Amino acid sequence: MKTEKKSILGKELRNASLQHRQGMKLTNSDGNIDSSSLGYQYAIQTTTFIRERVIEQKFYQVPIADFVPVDVGTGAWMEDIKTNLVYDIAGDFESGLTGVSSGPSEIATVDVATAPKNAKLITWQKGYQYSVPEVAKALASNNWDLVSGKMSALKKNWDLGIQKIAFLGLQQDLTNVPGLLTSPDVTVNTAVITKLVSSMNATEFQALVSKILAAYALNANYTAMPNVFVMPLADYLGLGAATASGFPIGSMIDYLLNFFKQITGEKDFKILPLAYAQEAQNAGYINGTTGKNRYVLYRKDPETIKMDIPVDFTLNPAGTSNNYTWQGVAAGQFSGAIFYRPAEAIYYDFAS
C-alpha cells in the first residue's frame with residue numbers, strides 16, 4: 001500500500017473536526033461537505049477503476065513570516081513572555097547647558113526606565129484515533145492510508161489555526177492574543193481610505209497617495225518609515241488597472257509600489273494582499289459582526305511586531321491500552337502577533 005499523502009473521507013473527516021463550519025470559510029469550492037456522500041462503501045462495477053491517487057481539499061494559506069516575524073522555540077511551556085521596553089528620561093538638550101562656575105549639584109542628569117510588554121502564551125492540544133476495523137476497511141480501497149491521513153489532518157488544523165491567530169488573533173481574548181489586524185494598541189484612521197483603492201478615479205487615487213504616508217509619519221512621530229502595506233485581497237486583484245483611464249500608461253499597483261519605495265527609502269517595500277483584511281472574512285473580530293475592510297501600513301521588524309511559537313507542532317506517537325484502538329495527541333504553544341512599537345503601525349478602515 002502506498003503511503004503518499006492521502007485525503008480524509010467519511011467518519012475520519014468528522015473525527016478530525018474539519019467539516020465545513022463558521023470560522024473555516026476560506027476553503028475551496030468543495031468546502032461544503034455533504035455528509036450523506038461520505039463513508040467507506042460506494043457502488044462499483046466490474047468495469048470501475050479506482051484511481052491510485054486521491055484529491056484533497058484545499059484551504060487559503062499564506063506564509064505568515066512574510067507578514068509577521070515569528071520566533072520559534074523561546075519560552076517553551078511558560079505561561080507568558082515579558083519583553084522590557086526601555087524609555088529615556090533625559091529632559092530637553094538645553095537643560096544640560098552650564099557655565100564654568102556650575103557645581104556638581106547643578107549638573108542635569110538623565111535617567112532610563114523600563115516597562116514590561118506581555119505576550120500571553122496559549123497551549124493547544126488535539127488528537128486523533130483509529131481502530132483495527134477502520135484500518136482494515138481503508139486498506140480495502142487500496143489507495144488511502146487512514147493513519148497518515150489523520151496525522152495530516154491534525155497538522156493542517158494546527159497550520160490553519162496558527163495562521164488565523166497571526167492575522168485575526170484569538171476571538172475570545174483579543175486583548176491579550178491579538179493578530180496583525182486586531183491589535184488594540186494600533187491607531188485606526190477612517191479618513192484616508194473610504195473606498196476600495198482599485199475603484200478610485202485618478203483624483204481620488206492621487207489624494208490617497210498624498211495622505212497615506214503623511215498620516216503614518218505623524219502617528220509615528222516622524223521616527224520611522226513603514227516597509228509593508230497590507231490590503232484586502234479583493235482590492236489588490238483590481239490594481240492592474242491604469243492609474244487614469246485617459247492616460248493608460250502605468251498600472252495602479254506599479255504606481256503605488258514605486259511611490260512607497262521612493263518616499264520611504266525602503267527598496268524592499270512590499271504590498272501584500274490578505275483575504276483576512278476583507279470585511280466578510282474578519283466579521284466577528286473587527287467592527288462587531290459586520291467586519292471592515294482594513295489596510296495596515298507598518299514596519300515589519302522584530303522590534304516592532306513579533307509572534308512567538310514557543311512549542312511548534314509536536315506529534316506524539318499513538319498509543320493503545322487494548323491493542324484494538326489507538327490514540328495520538330499533538331501539542332503546541334503560541335502567542336498573538338504583538339506590536340511592541342504600536343506607533344509604527346496604523347490601520348486604515350472603511351465598511352462597504
Side-chain angles (χ1 to χ4, degrees), residues 16-18 22-24 26 59-87 113-128 151-186 228 230 274 276-277 281-282 284-286 294 296 298-317 327-345 347:
S17 299
L18 287 179
Q22 188 71 15
M24 293 187 66
L26 300 182
F59 297 86
Y60 174 76
Q61 290 186 269
V62 293
I64 297 173
D66 286 357
F67 297 79
V68 179
V70 179
D71 190 355
V72 180
T74 300
W77 303 120
M78 298 292 102
E79 293 295 325
D80 51 57
I81 296 176
K82 291 188 184 295
T83 302
N84 281 326
L85 309 181
V86 180
Y87 297 92
T114 62
K117 180 74 172 180
N118 190 63
K120 182 178 179 181
L121 300 181
I122 306 298
T123 300
W124 174 91
Q125 58 186 21
K126 204 165 189 177
Y128 67 96
M151 291 180 179
S152 176
L154 196 56
K155 179 60 165 62
K156 181 69 70 175
N157 194 252
W158 164 266
D159 290 342
L160 294 175
I162 291 298
Q163 173 178 282
K164 195 168 187 179
I165 293 293
F167 297 122
L168 294 179
L170 188 63
Q171 190 171 29
Q172 58 264 41
D173 192 4
L174 292 177
T175 300
N176 294 307
V177 191
L180 170 65
L181 300 173
T182 57
S183 173
D185 300 324
V186 175
V228 176
V230 171
L274 186 64
Y276 293 105
Q281 303 299 340
N282 59 50
Y285 292 84
I286 302 172
R294 174 158 284 182
V296 193
Y298 66 105
R299 184 161 190 83
K300 182 194 170 190
D301 184 298
E303 294 191 353
T304 301
I305 182 174
K306 183 189 294 184
M307 180 180 190
D308 283 286
I309 301 181
V311 180
D312 204 352
F313 179 86
T314 303
L315 182 61
N316 297 293
Q327 183 176 34
V329 178
Q333 265 192 318
F334 60 88
S335 75
I338 308 296
F339 275 102
Y340 294 92
R341 290 176 174 166
E344 294 183 6
Y347 295 147

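Worth saying up front: this structure is predicted, and the values here are computed from it rather than measured.
- In this structure, Q125 and Q333 have side chains that are not in contact, with every pair of non-hydrogen atoms separated by 4.5 Å or more.
- Shortest non-hydrogen contact noted between Y347 and G179 is OH-O, 4.1 Å.
- Looking at heavy atoms from C-beta onward, V230 lies in side-chain contact with V228 at the 4.5 angstrom threshold.
- Here the side chains of K300 and V68 are not in contact, with every heavy-atom distance at 4.5 Å or above.
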Go through the steps for V70 and K306 under the test side chain to side chain contact (heavy atoms under 4.5 Å, CB included), then give the verdict. CA-CA 6 Å; V70 179; K306 183 189 294 184; over 6 Å; no
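- Using a 4.5 Å heavy-atom threshold, the side chains of W158 and D312 count as touching.
- Summarising the geometry, atom OG1 belonging to T304 is positioned 10.5 Å from atom OH belonging to Y298; distances are rounded to the nearest 0.5 Å.
- Minimum interatomic distance between Y285 and G169 (heavy atoms only, all atoms of both residues): CE2-O, 3.6 Å.
- Here the shortest heavy-atom pairing between P302 and P69 reads N-CG, 3.9 Å.
- In this structure, K126 and V329 have side chains that are not in contact, with every pair of non-hydrogen atoms separated by 4.5 Å or more.
- We find the CG-CG distance between L170 and N176 to be 9.5 Å, quoted to the nearest 0.5 Å.
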Hey, mind stepping through D185 and K117 against salt bridge (Lys or Arg N to Asp or Glu O under 4.0 Å) and telling me if it holds? CA-CA 12 Å; D185 300 324; K117 180 74 172 180; 2.8 Å; yes
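- Residues F334 and W124 come closest through the heavy atom pair CE2-CB, 4.1 Å.
- Of the N and O atoms on the side chains of Y60 and Q281, not one donor lies less than 3.5 Å from an acceptor on the other residue.
- Side chain of E303 to backbone of Y340: no donor-acceptor contact under 3.5 angstrom is found.
- Residues I338 and M307 form no side-chain contact, since every pair of their non-hydrogen atoms from C-beta on lies 4.5 Å or further apart.
- Between A337 and L180, the shortest heavy-atom contact is CB-N, 3.7 Å.
- Taking every heavy atom of both residues into account, I81 and T74 meet most closely at CD1-O, 3.5 Å.
- The backbone N or O of L181 sits less than 3.5 Å from a side-chain atom of R294, completing a donor-acceptor pair.
- A salt bridge is absent between D308 and K120: the closest approach of a Lys/Arg side-chain nitrogen to an acidic carboxylate oxygen does not fall below 4.0 angstrom.
- Each of L121, D80, N118, I309 was compared with S335 under the side chain to side chain contact (heavy atoms under 4.5 Å, CB included) criterion, and only L121 meets it.
- A 4.5 Å side-chain heavy-atom check between Q163 and I64 finds at least one atom pair inside the cut-off.
- Residue E79 places its CD atom among 12 or fewer non-hydrogen atoms of other residues, nucleotides or ligands, all under 6.0 Å distant.
- Side chain of N282 to backbone of Y276: a donor-acceptor contact under 3.5 angstrom is found.
- For the atom pair T182 OG1 and F167 CZ, the distance stands at 11.5 Å (nearest 0.5 Å).
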